[in-house]
Each structure stands twice: as structure tokens, then as C-alpha cells.
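Written out below as C-alpha cells is the structure these notes cover.
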Amino acid sequence: MLTENDVYALWITLKLASITTIILLIIGTPIAWWLAKSRWRYKFLIEAVIALPLVLPPTVLGFYLLIALGPHGPIGGMMQALGGQSLAFTFTGLVIGSVFYSMPFVIQPLQNAFYAMGTRPMEVAATLGASPLNRFFTIAIPLARSGFLTATVLGFAHTLGEFGVVLMIGGNIPGATQVISIAIYDHVEALEYTQAHWISGSLLLLSFFMLMMVYAFNRRFMVVRT
Amino acid sequence: MLTENDVYALWITLKLASITTIILLIIGTPIAWWLAKSRWRYKFLIEAVIALPLVLPPTVLGFYLLIALGPHGPIGGMMQALGGQSLAFTFTGLVIGSVFYSMPFVIQPLQNAFYAMGTRPMEVAATLGASPLNRFFTIAIPLARSGFLTATVLGFAHTLGEFGVVLMIGGNIPGATQVISIAIYDHVEALEYTQAHWISGSLLLLSFFMLMMVYAFNRRFMVVRT
Amino acid sequence: DTIRIAVASNFSHAIKDIAHRFEVQTGHKVILIFGSSGKHYAQIINGAPFELFFSADTIRPSLLEKKGLIQDNSRFTYAIGQVVLWSPNHSLIDKTAQILHKASFRYLAVANPKLAPYGKAAQQILTQQGLWTTLRLRMVRGENIGQTFQFVKSGNAELGFVAFSQIKSPDKKIKGSYWKPDQALYDPIQQQAVLLKNNDLARAFLKYIKQDEALNIIRAYGYRTP
Amino acid sequence: MSIEAQFYIDRGDFSLDININIPSSGVTAIFGASGCGKTTLLRAIAGLEPDCQGSLTVGDEQWQSKHYSLPPHKRSIGYVFQEPSLFSHLNVQENLDYGRKRSHSSRSKISLKHTIQLLDLGHLLDRKPHQLSGGEQQRVAIARALAVSPAMLLLDEPLAALDMLRKQEILPYLDSLQKEFKIPLLYVSHSREEVAHLADYLILLDKGRIQATGSVTELFSRLDLPLAYGSKTETVITAKVIGYDKEFELNFLDFSSGYFSVIGKPLSLGSHTRLQILARDVSITLEHQSKTSILNIFPAIIDDMRNEGSAQITVRLMIGTMAILARITRKSASDLGLTIGLCVYAQVKTVALLS
Amino acid sequence: MSIEAQFYIDRGDFSLDININIPSSGVTAIFGASGCGKTTLLRAIAGLEPDCQGSLTVGDEQWQSKHYSLPPHKRSIGYVFQEPSLFSHLNVQENLDYGRKRSHSSRSKISLKHTIQLLDLGHLLDRKPHQLSGGEQQRVAIARALAVSPAMLLLDEPLAALDMLRKQEILPYLDSLQKEFKIPLLYVSHSREEVAHLADYLILLDKGRIQATGSVTELFSRLDLPLAYGSKTETVITAKVIGYDKEFELNFLDFSSGYFSVIGKPLSLGSHTRLQILARDVSITLEHQSKTSILNIFPAIIDDMRNEGSAQITVRLMIGTMAILARITRKSASDLGLTIGLCVYAQVKTVALLS
Ligand SMILES: Nc1ncnc2c1ncn2[C@@H]1O[C@H](COP(=O)(O)OP(=O)(O)OP(=O)(O)O)[C@@H](O)[C@H]1O
Ligand SMILES: Nc1ncnc2c1ncn2[C@@H]1O[C@H](COP(=O)(O)OP(=O)(O)OP(=O)(O)O)[C@@H](O)[C@H]1O
Ligand SMILES: [Mg+2]
Ligand SMILES: [Mg+2]
């Protein structure tokens, strides 16, 4: 059975995953577009940097983020100098960490989708009077639909299951920064297996339904290519 | 400075990531192809299931895998009935866990790439006398190149940084199942921060060079679309 | 009022019990944050909002003390852990743990001696018996004592050195067979707590935990008290 | 030996339902309005329409029957799609080699070198498809299909994107291939000119159904088919070479009831050749006229007249046993008092050699 | 007002280097072999070639100069690409609406309804592009470009994939649009017929360079251009409507030195119209002949004769001050003893109204 804490953790998790995914889509889309279309010689350096956060174990990445966000770290120090609060152990901190960590899962599929689209549809839209921004929204995004789907699913799911980073910079504070993945982990650690099974089961079921809906819905809007 | 153990862990990590990626590409490619091309009504169920392992925190997933591999679990029980050994705490077990966990990162980009290709190139190849398998290798795979690149990078990097699952079912046996991510984690936990920085730095540098090479190399073979 | 207490995972059951009573008696709220002590340490030096820290060892509290991050003279030992060799199999372990000498098992689970005091204790016990090197290849190492327990519990390791507190709880009978080594065989596993902030409620909690009511609970969960 | 096809494909708005017998040698043109099912028919023959029901026999091989369908890669065909459809990851040379390497046809090979030369692809071999112009892509696609040395060629408007001069080079080449290698050729085209030039046999499609099939000679002179309307009505006839005038480069070609003088290179004596006469090139006079630049003038009898509902009429003239069509204004017909059965002279301004 | 373009694009193997002045009204045809740079030129005008250097002035607007290039979406053009290039995620209706919604042209709108009807797209509006045949896609692409109500139309072989009947419907429609809305039309085509029908002005391209520019009338009667060769040499002349014969549906069209009788619907009296005369349709006689179905016979003087190195010669005849080309066999020329300066009769079998 779910405790009140667990329910709250689930709520925080969904909030975190949604916000992270939205932010990732917002900042990832222009980056992916640029990566797909730019002819800059040293683009590959940026591409390599984007995939880097992946190779560090999440807890370690979280550790470094913690140092960076902490009062002695560059970001945290800056925040404090500006009179702001430290971001560590806050929900905002969680969002920053998750965004950082799930970035490649959003950018890479989008980049591929934009690339596969070719230049022609955008040229046609331009001759039909659509401004760059307008054609980006009315042509590029719909045509990159399956890339967006993948990006969203991977980004969202990865943030759901995200753990190490969140544990480190979130501080696992129930009701504030404890997400469901850590709640399950805590139950497992505390040998409360039944509880762990329950939450895992609910999470899986919920995710399965969400994913199923997304994919089933997507079928209807598939862009057919020949 | 890297200890002998760390170097060995790095070696095991690279071995694990390579083998996992290869296995994932081998089993992921046909699945992705099927998902991209099939017109089966309930395909979306399979698509949802494939993305599921993502939503569980890795440690918890590892926990369930551990139970499954154990003597009372379905897989472990079967193995024992067949007279085999338990897979937990072996390198093979690690590979199984990693494959399971990194699956969606390989399948999704491939599926998108196959989908974006459309049907025409394969039809043309057929009329030119290429058998289904032959045209799959000579047409579909090269055209899905950027999908393969993404799948490989995401799969490999994710396995490199993989941690929870490996920690759980690997047993962290130095020289056998201790991977570099756990080694860094251990250093962090043991407050040996300097050591942790060193290994993280080396891993990042190594990964950066590998990624850079891959992307730089890829530039030359990009399939241009208009 | 509310206080936040970072607690080593292995002490979770006992402290939940204690905190609950404390809450009932005082009407204040206690938020418990479980995790590994290494992580908590890293978080505390980076400004985590904890009032109290219940570590699994003595090292981290004394380091914090050295750094001047705790309230003066607040460091004290709240519990002393006991290590046991345990197996869910009722007949595996006899009173003298002959099985260790016979080595008739595939895996022995031990917590990482570098990270977990229980692992260090196990190491001391085995070294004294001249088994540490001979059994090395059969040992699987849990990152912490919780994971070590899971290795054994899931049946993947036949037996392992776990915390007595993990198999003993006030209301349940111990399942399986175990051997409780003499206290003299290893350095006492002192678990220390420190007060991080000058907070009245936190001081009240510390006061409460030193009273008999709390000490009884601690003992009922398989710890000794100083 | 022939190609027998019976296909049924249902797509809701559109269905293809045909039963045809295509000669397995020579050129068969498929003609019809946009959207009438030409591409669909070719795809069905190539085995690319999975929902196609019916049967297909090519020579003595059964390619499709009720319960069986030979997979496309085992059908020895060369297919030029309506869009060039080059492999974007291969350069031109590799595109050309793709099919050639996989061709296990035992028949004598079409020389790739010659094809490359004729389609003027030599300077493009290292290019990737996106570096080619539309017409260049189309030429590569044609060469790629030919390189397979297939047992049958399916061409879907292969020359649509090419200029006149290029067409005039490629058409005779396709024709010669077909003759030399005995490859039946199925050819979709919107151009009556191309069809008249190249085709022996014609399939007229309309909304997924066969409207008419037959030899080009036959169909082109039938007044009841849409072919006879528009500005390009023509007659195609077969004649025998009986002589050559070296000085003026004129061939003399005998048909049942007279001979034509037709300009061109000397044809081999005694051989049969195809001639095209556009109805618009035929004028009618009541008297035999001399001192005119028109060389081919024949006595003829008016066999039929059909008003096209405009200012023109189409007149069928019998020169002996041969029918040709003439298109003249209603005014001329009235001025000259033309009626069926009247004896007149047919003046043929231009006769084109088709083969 | 006119369109002045000076472009330089370098692609290694190929470079486009032109400097032209295109009339900003009427139809300008771009003609040239496959790969000569026609598509590249249109793309440069549309602003789609980023590496294009030079300048472009359209009317009084500067679209490109050394340091500035008006972005493509601000150039009020309608562009039909060589491939249909429909938006695959939109259905036909949405494709058509895409440009129309974004068109902020103040000029009077082209009626989409009428375009749909004329291009016969009514039954396809709900379809996605992959459900259309090649020609159907092409028609949608044309309608989509027109729906923008652009200030200039760029058409890259828009009719290549269409059948004859369809072409005959669309050509006059394009022509009427151009007249009614005063939209200059740049038209790439490989078909001399289409060009003769539609174009006022002609640009001949060869390997990225201008080979010739000028009015169709002028270029089509120049013997030194490749246009004058091949089977389709023609003359285009302008004449004035002076009368109509209702019964036989004949227009009488006055040119400087006589009049033509041409079939067709009544033209408005006094208006000027364009006529096409194919060289192959003109025969020469020494005497005036009657009792012939040929209506248009004029006295003429031989102005020039050019041997095409074959059995035919092209003769330029002056009918008064108007030049027309005739193509006859060398044998006829020799039989009739034709020489420059000789007085003869030109018999014109067919005169086509172009506009
Ligand atoms: N990316 C490129 N790199 C190099 N050459 C190119 C590239 N794109 C086009 N070309 C060349 O530029 C020339 C002009 O191409 P363009 O498409 O303008 O020809 P076109 O006149 O439209 O021909 P077509 O009638 O075949 O469509 C061609 O010779 C072509 O090979
Ligand atoms: N996927 C589809 N769904 C529904 N209708 C389709 C589909 N594909 C093609 N059609 C319709 O089938 C008919 C035949 O198409 P086909 O491509 O064979 O025509 P076509 O004769 O080749 O025409 P064109 O000369 O324009 O290329 C067309 O009316 C087209 O609209
Ligand atoms: Mg077609
Ligand atoms: Mg072109």
C-alpha cells in the first residue's frame, strides 16, 4: 500500500519529469536544429560534449553538480553573490540536475529527425511566405514528430527513473525533493519489500498506460513516407 | 592517480559497454525494423513495454533482476533446472542487466531512422535483384546511419555510466564485475575525493575523445537529403 | 516545528519507531532522510538543510567536527552495531560457522570494508580466522549493508555478513540460521550522531534518544547501546 | 509466349481491375490520364503491390497466382520509377553497380559502358544524387535499370524530365536494346510522340480499367478513341523499303497501294519499317497538283468523316486498302464539297520514319 | 519595369554566370539541355541559393545586392518545384491553404476554388500526398503555388508529369492568369510546344551561360540557334483580329501583308493575338493552287535557305515584311529550282492560335 509520503513522492516525480521534459524540449529543440543544420566545421565537438553527462555514473554526476551548486561552487557562489538562495536541496536544483542529465536523450532524437527531414520542405514553406519561425513550427516540428515522440518518451521516462543525480542534489527530503525512485529505493534498503513491490508495480502500470496512450495516439498522426 | 584496481575496472567497463552495445545492436535492429515497418494493430503495446525498464530507478530494476536471477526467481530457477550456474555476480549477468536497461536507447533511434527512410529505397533495391536480407544490409542500414550512430552512442555511454543495475547484480567483485562507475562511486563514498576527481576526469576525457572521433568521422559519411 | 534528520539507512527501522514516539509525545514533526552516510556527508558540507545527522560510523561525524560544521560537543555514539553471518537456509550455519572453513558455498556476501563499518568488521573476523584471502574469490561486495542483505535474501549468495539489526526486529522471529561472532573479534561498530544546527527541537530529540525508552527500542532492533 | 496479367487492387476511391495479354516482345505503351492507374499497374507487375490479387504469367513462368507471389527481387525486371529514386548514400557509379552486381541473368549483358556514354553520365560518376539536376538523376535511374540486363523493362515516364535532344538520343537506344536483347518493354508515357516513335502495342487505361488494347497502327487510326482527338491525331503504317535516292537522301517505301518518298539514311532494302503520318499534315485537293514542294501525293477515296464539334473535321481516306487520317477545316470541306465516296488527292506534307 | 538579374554561382564542375533582363510581364520561358542550370536560376531568383552572388531587382524592389538578400519568404513568388514537394503531414486541402493563409499580397486574389476545379482536385482534398499519383501531386503543387496570389510565378517543368489533355487545359489557364493578374511567369520547359504556346520571351541557357534571349517570335525564326533544328522548327507571329466567319468558326487575322484564316472561337475584334506556324506545315508551290483544303496561301519571296546537313532544307520566306520558315526536302527544292529571290507561293496547312 502506498503511504502518504509515497503518494507525495509520486506527485513530485511527475512534476519533476514533466517540467524537466518541457524545459528539455524548449532548450533542446533549437540546439538539435542547429546541430542538424549547421555546417560549422567543429560541430562535432559540441555533439561530443552533449553526450558526455551520460558517461558519468549519475551519483557521481550528482556529486559534481552538488559541489557546483553548493555555497563554494561556481553556480552556488554566484547565486549567493546575487543574493539568491543556494539551489542545492531545492526542487529547482532537482530540475537543473535532471535537465542536465537527460539532455542527450532529448537532443539526439530531435537532431536525427530534423536531419532526416531534408531542406526541401522548409524551402517550399519559405516560398509560400512562411517566416523562419513560422515554418519551423508549422513544418519542421510536425515533420519531426516521431523524433519529438522519442525525445519526450526517453526524456520523461529517464527522469522518472532518474535516481543518482536527484538523490545527491535533492537531498531526498520527503515532501520536498524525495522522488518516487528514491522512495522505492528507501523501501528496498529498509527491507520493506512489499511496499517496494507496490510502488514499483503502480509506477510500472501508470507508465505503461501513459506510454501506451502516447504510442496509440501517435499511430493516427504518423507522417507516411515513401 | 589511478590504482591498479581502477585501471582494471576501466577495462571491464569498456568490455561491458562494448559487448552490451553490440548485443543491443544485434537484437535491437530487427526489433526496431519490425516496429518501424509493421502494420500490426497492437504494435503500440510492444512499443510501450520496451520503454518500461526506463521508468524504474536502476537500483530497483537491479533489485528485481537480482530476484529474477536468484534461485527462487524465474530465470535463476530455469537456469538451475537446466543444470546451469546462477548468473548473478558474473560478467554475463552484468551484460544481461545492461542490455535490458539500455534497450530503449538503442531501439528508439533505430526505429525512427528506419521509419524516416520510407519504403521506396527498399522497393528499388528489390527490383534491382537484392534479396530482403541483402537489401537490409546494403540499403536500410547505410540509410539509417545516423540512427545507428545515435543508438550506439546512447547505448554505449549509458552503459558506461550505468550503475545501479550493475551494482546490484554484479556484486562489485574487483577484477570481475567491478566497473569504473562503481569505482568512482566507492571513492566518493569513502571520501577519497581526489581519487574520484582523477577517475572522473580520465573517464570524461576518454569518452570525449571517443565521442569526438565518432562524430568527426561521421561527418564524412553523412547521407545528404534534400 | 519540524526538524530534519539525516539517518544512515541501516538505522531506519529503529529511528522511525523512536521518531514516531517523539512526535506523539511532543507534537512536533520529524522528517527522516535515509541514505548512505557518505552521501549525507557530501551533502552536509555542501549546505544540506539537516539539523541532525545519524551516521553509520564514527569517521564522518568526526570529520564534520574537525571542519567545525557541528555544534560543539554534540558528537556521541547512539548505537553499536553487531555483525552476524546469516543465511535464510535454516541448516546452513552451525554454532561455530564451520561452513566458512569448509567453503561449501558459491558466494559469501560482505559489505565493502572500505565504505561500510559492517564490512570492515567482517573483514576483521575473517582475517583473524585466516579466511580473508582464501575466500576472496567467493566474496561479493555490497555497496552498503542493505545491499549485502539483499544479496543473501534473494538467494544469490548463500550466506553473508549482515547487520544483526536487519534480521532482528521487536515483533518478528528470526528466519534462517545465523552465527553471531564474539564482539571481541572486531572493532566495535560505533554509530555516531552529531547536531548540525543550534536548534531546540533537535536538542530535545537528542535528549530523548539518550533516554531509556529510546535505548530500549534501539536494543530491540538488534543494536547494543553504549 | 506472352505476358498474361489479371489484377485486382482495391483502394476505396480507386480500383484497378484489368485482364490483359501483353506481347512479350517489342514495346508496349501504357497510355492514360493522370491518376488512371498506370503506375499501379507497373508496380503490380513488379510485385510491389502487396494487396494485389490476381495472377501474372510471364512467358512460361508463373509470377503470381492465387496463393503465391514471386518476390520482387526474383522477378528479372528493370524498373525505372516515376521519381528517380536513387540511393542517396551511393554515388552514381555505385548506384549503377548496385543492380549489375546482383544480376544473375544468363542472358547477354547490356554494356554499361555504352549506356553511360549514351546517357552522358561519364562526368557524373563520382557525384552523389543530391548533386545532380532532375534530368541527370532521371538518366542515372534509366542506366541503373538497364544495367541489370533484365528480362523485362518497366519504364514509368522515364523521359518526362528530359529535353528534346536528349529524348531523341535515348528513344532509339531503348528501341535498339529492345530489338537486340529481345527485352519486352512496358512504357508509361504521356507523350503521343514518344509512343508513336517507340511503341508497337498500346494499352489505353481509364480509371483503372482497360479502355482498349491493340497495335499502335490500329489504335491510332480509330476514330472512336480519345487518341484520335487533340491536335496530334496520327496514323501509323508499315511499309517496305524498295529503293533509295542517294543524292536527295530519300527512301522509297512501298505500302499496299503506292510508295512514299521519305527522307533519311538508307534503310536496308526489303526491310519493313514504320511510318507516322499526322492527320494535320495531310491536305486534300480535288485535282492532282504539280509544282509543289509536297512529294507524297496519292489518289484517295473519302471513307469516313467525323466532326469533332469544332471548326475542324477528321477525314478518313482510303489510299487503296490503306487508311490514313486527314484533319482539315470545315470551311475547306464545304468549299471542296467533300462527301463520303468522293475521289480526291491526299497530299502528305511530312512522313516520319519511326524505327 | 522589369526584372534584372545578375548571378554568379560556382559549384566546381558547374558554374552559373548570367546577366539578364527579363520582362516583368508575360511569360518568359527558360529553355536548355538537362543540367544547364535552369533549376539553379529559378532557385537563385527565389532566394534559395545561399552561395549566390550578384544582384536582383524586381520592378522597383531590390531583392538582392552585394551585401543584402531579401529572405525567400519576403519575396512574393509562387514556386512550383521540379518535384512536387508536397508537405507530407498535411492533406491536399491543408497544403493548398498553407500558402494562401500566409499570403499578404494586396493584389486581387486568384480564386482557389476555380483553380481546384480547373486542376480537377476536388475529389482529392482529403487525401494525404502519399495517396496521390505522380501527376496528381504535380497538380496540387501548381495549385498551391497559385493560391499564394504571388507577384511572380516560377514554374520548373510543372506539366512534365501530366497527360496531353490535362496540359491543354492547364496551359490556357496559366496564360489567362498571367494576363488577368499581370503576374510575370518564369517557366522552365523541355517542350517546344509548351513554350511556343505560352511564352512571349525566351531565355536559352547552355552550360550555365545565356546563349540567347529575345522574344519568342524573334528567336524561333533565327536559323543560327539550335531552336531552328529538330523536327519542330516554328515561327511565331503577331496578328490583328479583323473578322469572324460564324458558320465555319474561322477568325480572320491580319498581319502586315495579308490575312490568315484560323479556326477557333471568335476573338475580340481589333485585338492582337499570337500565331504559331510550324516550318514543317509550310509547303512551297510555284503556282497558286486552288481546289485544295489548304486555306492559307500567300505569295512570298525566298529570303534565305539553309541546309541542315540532311535531306531537308529550311527556307526563310518573306510574305511582305513578315518572315516565316518552311521546311522541305532537298529534292523538292531541286525539282522546283528554288533559289534566293525567287517568287513562290507559301501554303500554310495549319496555323495555331497561341493565346
Ligand atoms: N550540389 C551540387 N554540387 C555540384 N554540382 C551540382 C550540385 N547541384 C547541381 N549541380 C549541377 O549543377 C548543374 C545545374 O543543375 P540544375 O539543377 O540547375 O540543372 P537543370 O537545368 O535544372 O537540369 P534538368 O533539366 O535536368 O533539371 C548540373 O550540371 C548539376 O549537375
Ligand atoms: N495510398 C493510396 N490510397 C488511395 N488512393 C491511392 C493511393 N495511391 C494511389 N492512389 C490513387 O490511385 C490512382 C492510381 O494511381 P497511379 O499512381 O497508378 O496513377 P498514374 O496513372 O500513374 O497517374 P500519373 O500519370 O499521375 O502518375 C490515383 O487515382 C491515385 O489517387
Ligand atoms: Mg504514375
Ligand atoms: Mg531542373
Side-chain angles (χ1 to χ4, degrees), chain D residues 13 32-35 39 82-83 123 132-136 138-139 156-157 160-168 190-192 226 230-232 245 248-250 261 263-264 280-281 283-287 289 291-295 310-312 326 328-334 336 347 349-350 352, chain E residues 13 32-35 39 82-83 123 132-136 138-139 156-157 160-168 190-192 226 230-232 245 248-250 261 263-264 280-281 283-287 289 291-295 310-312 326 328-334 336 347 349-350 352:
Chain D
D13 283 3
S34 173
T39 300
Q82 196 165 0
E83 311 81 36
H123 61 297
L132 301 177
S133 79
E136 287 164 349
Q138 193 67 51
R139 274 142 59 198
D156 201 345
E157 301 188 47
L162 299 181
D163 54 296
M164 203 57 63
L165 279 174
R166 199 68 76 179
K167 274 186 195 169
Q168 279 169 9
H190 288 310
S191 158
R192 294 171 52 100
S231 66
K232 279 275 190 75
D245 177 334
F248 294 115
E249 297 175 45
L250 287 173
S261 309
I263 50 167
R280 64 201 291 293
D281 286 340
S283 52
I284 296 170
T285 57
L286 296 182
E287 291 163 11
Q289 298 185 324
K291 298 202 181 162
T292 168
S293 67
I294 299 177
L295 288 176
S310 74
Q312 292 187 303
I328 61 173
T329 57
R330 267 202 289 123
K331 175 159 171 52
S332 306
S334 151
L336 300 177
Q347 299 193 140
K349 168 78 172 89
T350 311
Chain E
D13 283 4
S34 172
T39 299
Q82 197 165 2
E83 311 81 35
H123 60 297
L132 301 178
S133 80
E136 287 164 351
Q138 193 68 51
R139 274 142 60 199
D156 201 345
E157 301 188 46
L162 298 181
D163 53 296
M164 203 58 61
L165 279 174
R166 199 68 76 178
K167 273 186 196 171
Q168 278 169 8
H190 289 311
S191 157
R192 293 173 52 101
S231 64
K232 280 274 190 76
D245 177 334
F248 295 114
E249 299 174 44
L250 287 173
S261 310
I263 51 168
R280 62 201 292 293
D281 285 340
S283 51
I284 297 170
T285 57
L286 296 183
E287 290 164 10
Q289 301 186 324
K291 301 202 178 162
T292 169
S293 66
I294 299 178
L295 287 178
S310 74
Q312 292 187 302
I328 60 173
T329 58
R330 267 200 290 124
K331 176 160 172 47
S332 306
S334 152
L336 299 177
Q347 299 193 142
K349 167 78 171 88
T350 312

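Throughout, a chain's letter reflects where its sequence line sits, starting with A, and its residues are numbered from 1. Computation of the quantities below employed the complete heavy-atom set of this structure, encompassing side-chain atoms and omitting hydrogens, waters and symmetry-equivalent molecules.
The parts of E:Ser283 that come within reach of chain D are both its backbone and its side chain, each placing non-hydrogen atoms under 4.5 angstrom from that chain. Within the 4.5 angstrom heavy-atom criterion, only side-chain atoms of D:Leu250, from C-beta onward, approach chain E. With a 4.5 Å cut-off on non-hydrogen atoms, E:Ser133 touches chain D through its side chain but not through its backbone. With a 4.5 Å cut-off on non-hydrogen atoms, E:Leu336 touches chain D through its side chain but not through its backbone. Both the backbone and the side chain of E:Glu136 come within less than 4.5 Å of a heavy atom in chain D.
Residue with the most contacts toward chain E among D:Asp281, D:Asp156, D:Asp245: D:Asp281 (heavy-atom pairs, distance under 4.5 Å). The residue among D:Gly32, D:Ser293, D:Ser334 with the most heavy atom pairs within less than 4.5 Å of chain E is D:Ser293. Interface check for chain E: of the options D:Ile294, D:Thr39, D:Leu295, the most heavy-atom pairs under 4.5 Å are formed by D:Leu295. Comparing D:Arg330, D:Glu287, D:Arg139, D:Glu83 by how many heavy-atom pairs each has under 4.5 Å with chain E, the most go to D:Arg330.
For D:Ser332, the side-chain hydrogen bond (donor to acceptor under 3.5 Å, both in side chains) partners at least two apart in sequence or on another chain are D:Thr329. The side-chain hydrogen bond (donor to acceptor under 3.5 Å, both in side chains) test applied to D:Thr285 returns no partner, not counting sequence neighbours.
D:Gln82 approaches D:Gln138 most closely through the heavy-atom pair O-OE1, 4.0 Å.
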